[in-house]
Amino acid sequence: MWQRVKDELAELMASQIFKVLLGNPEYQLFLNRAGLSGKLPSKLELVSKEKRQAISEMALMHATLLVNQLSDLNAVRAHRAKALLLEGPLQLYRLWNSAYPRSKNGFWWFSQGLLDRSASAGPNPADRLHWLRDKLAISMDWSACDRVSVLRLQVNDVVPAIQAWGLPQRYYSKEAWRTIEPKEYFSKISEEFAGGATQTFLPWVPEQRVSDFW
């Protein structure tokens with residue numbers, strides 16, 4: 001399953017120049033390594049056959065690294081996972097840790113629909129955040145999950161993505177014993193967060209479109 005996702009993602013990454021991502025340093029590095037620098041063409045059809053081949057090869061290498069990392073996390077299910085292009089107007093949301101400001105712009109995002117469903121937890125933001133943590137299955141040692149950011153893709157914005165169904169996760173991850181007090185760690189050893197929500201993984205995030213939500 002993951003091999004199919006790798007191939008799909010590589011094809012999408014090489015399909016066009018994603019203008020909304022031009023401010024992302026990692027995407028700029030991707031283009032430079034593929035032989036595109038300076039003034040970029042409006043369409044990839046305008047570049048030489050050799051450069052298009054270089055872009056395809058770079059995209060396959062990048063997609064392979066990303067999907068291998070995704071697979072190793074064992075955080076989402078391979079079955080029915082898919083690569084796709086997300087087109088604006090669209091809003092996605094992310095739980096993040098205010099102690100680490102860079103985490104506002106991470107890889108993992110979720111839908112407006114899931115945010116709306118969190119209202120069933122009541123009006124208290126802390127209760128809604130815990131509800132979202134459970135559905136997204138984020139182990140306690142992975143993030144404080146005390147804030148929500150929003151990514152607003154505008155009309156004509158396009159980004160590549162992977163969507164997959166989230167798997168259940170332990171209350172504390174397997175590696176948490178290194179940092180969590182043993183009594184606390186073992187008291188939660190049998191507890192899990194449910195997972196089950198569709199999650200969106202973005203290889204590159206257009207940070208200029210990200211802002212605080214809660």
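Because only heavy atoms are used, hydrogens play no part in the values below, and waters and symmetry mates are left out as well, while side chains stay in. Everything quoted here is computed from the prediction, not taken from an experiment.
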Do the side chains of [X] and [Y] join up, straight or via other hydrophobic residues, at under 4.5 Å, putting them in one cluster?
X	Y	answer
Leu153	Leu114	no
Leu12	Val159	yes
Val150	Val148	yes
Met140	Leu129	no
Met13	Met58	yes

Within this structure, what is the [atom1]-[atom2] distance for the pair [X] and [Y], rounded to the nearest 0.5 Å?
X	Y	atom1	atom2	answer
Lys174	Ile189	NZ	CD1	10.0 Å
Ser173	Ile138	OG	CD1	12.5 Å
Gln199	Leu136	CD	CG	5.0 Å
Lys104	Ser211	NZ	OG	7.5 Å
Trp177	Tyr172	CH2	OH	16.0 Å
Leu151	Asn105	CG	CG	9.0 Å

Of all heavy-atom pairs between [X] and [Y], which one has the smallest distance, and what is that distance?
X	Y	answer
Leu44	Ser15	CD1-C, 3.8 Å
Pro206	Val20	CB-O, 3.5 Å
Phe110	Leu132	CE1-CD2, 3.9 Å
Ala10	Leu60	CB-CA, 3.6 Å
Ala54	Ala34	CB-O, 3.5 Å
Ser111	Leu92	CA-CD2, 4.3 Å

- request: Output every pair passing side-chain hydrogen bond (donor to acceptor under 3.5 Å, both in side chains) with a member in residues 119-134, not counting sequence neighbours, ordered by first then second residue.
  value: Ser118-Arg128
field: Trp142 backbone acceptor or donor facing Ser139 side chain under 3.5 Å
entry: no
Any donor-acceptor N/O pair, Gln28 side chain to Leu22 backbone, under 3.5 Å: yes
query: Has Asn156 got more than 12 heavy atoms of other residues, nucleotides or ligands less than 6.0 Å from its CG?
result: no
message: Can you confirm whether more than 12 heavy atoms, excluding those of Arg170, are under 6.0 Å from its CZ atom?
response: yes
Set of side chain to side chain donor-acceptor pair (under 3.5 Å) partners for Gln69, sequence neighbours left out: none
task: Return the set of residues passing side chain to side chain donor-acceptor pair (under 3.5 Å) with Glu26 (not counting sequence neighbours), or none when no residue passes.
output: none
Test log, rule side-chain contact (heavy atoms from CB on, under 4.5 Å), inputs Val67 and Gln3: CA-CA 8 Å; Val67 176; Gln3 183 59 55; over 6 Å; no
task: Would you please name every residue forming a ring-ring contact (aromatic ring centres under 6.0 Å, His included) with Trp204, sequence neighbours left out?
output: Tyr27, Phe30, His62
message: For Tyr171, give me all partners under ring-ring contact (aromatic ring centres under 6.0 Å, His included), at least two apart in sequence or on another chain.
response: Phe193
Name the atoms and distances for all side-chain donor-acceptor pairs under 3.5 Å in residues 77-91, with sequence neighbours left out.
unit_1	atom_1	unit_2	atom_2	d
Gln91	OE1	Arg152	NE	3.3
Gln91	NE2	Tyr93	OH	2.6
Gln91	NE2	Gln112	OE1	3.4

- line: Hits for side chain to side chain contact (heavy atoms under 4.5 Å, CB included) against Asn97, two or more places apart or cross-chain, chain-then-number order -> Ala99, Tyr100, Ser103, Ser143, Ala144, Asp146
- prompt: For Glu181, what residues pass the side chain to side chain contact (heavy atoms under 4.5 Å, CB included) criterion, not counting sequence neighbours?
  reply: Lys183, Glu184
For [X], check salt bridge (charged side-chain N to carboxylate O under 4.0 Å, His left out) against everything at least two apart and list the hits.
X	answer
Arg209	Asp157
Lys6	none
Arg4	Glu8

May I ask you to test the [X]-[Y] pair for a side-chain heavy-atom distance under 4.5 Å?
X	Y	answer
Ile17	Pro41	yes
Leu70	Phe107	no
Trp214	Leu95	no

task: Decide yes or no on side-chain contact (heavy atoms from CB on, under 4.5 Å) for Trp96 and Asp212, but give the supporting numbers first.
output: CA-CA 10 Å; Trp96 62 287; Asp212 292 337; 3.6 Å; yes
query: Can you list the steps and then say if Phe201 with Leu73 is a side-chain contact (heavy atoms from CB on, under 4.5 Å)?
result: CA-CA 13 Å; Phe201 178 88; Leu73 286 174; over 6 Å; no
query: Does the pair Trp109 and Val205 meet the rule for a side-chain contact (heavy atoms from CB on, under 4.5 Å), with working shown?
result: CA-CA 10 Å; Trp109 297 80; Val205 177; 4.0 Å; yes
Arg102 bridged to Glu207 by N-O distance under 4.0 Å: yes
Under 3.5 Å, side-chain donor or acceptor atoms of residues 160-169 against the rest of the protein: list the pairs with distances, not counting sequence neighbours.
unit_1	atom_1	unit_2	atom_2	d
Gln163	NE2	Thr200	OG1	3.2
Trp165	NE1	Gly196	O	2.8
Gln169	NE2	Asn74	O	3.0

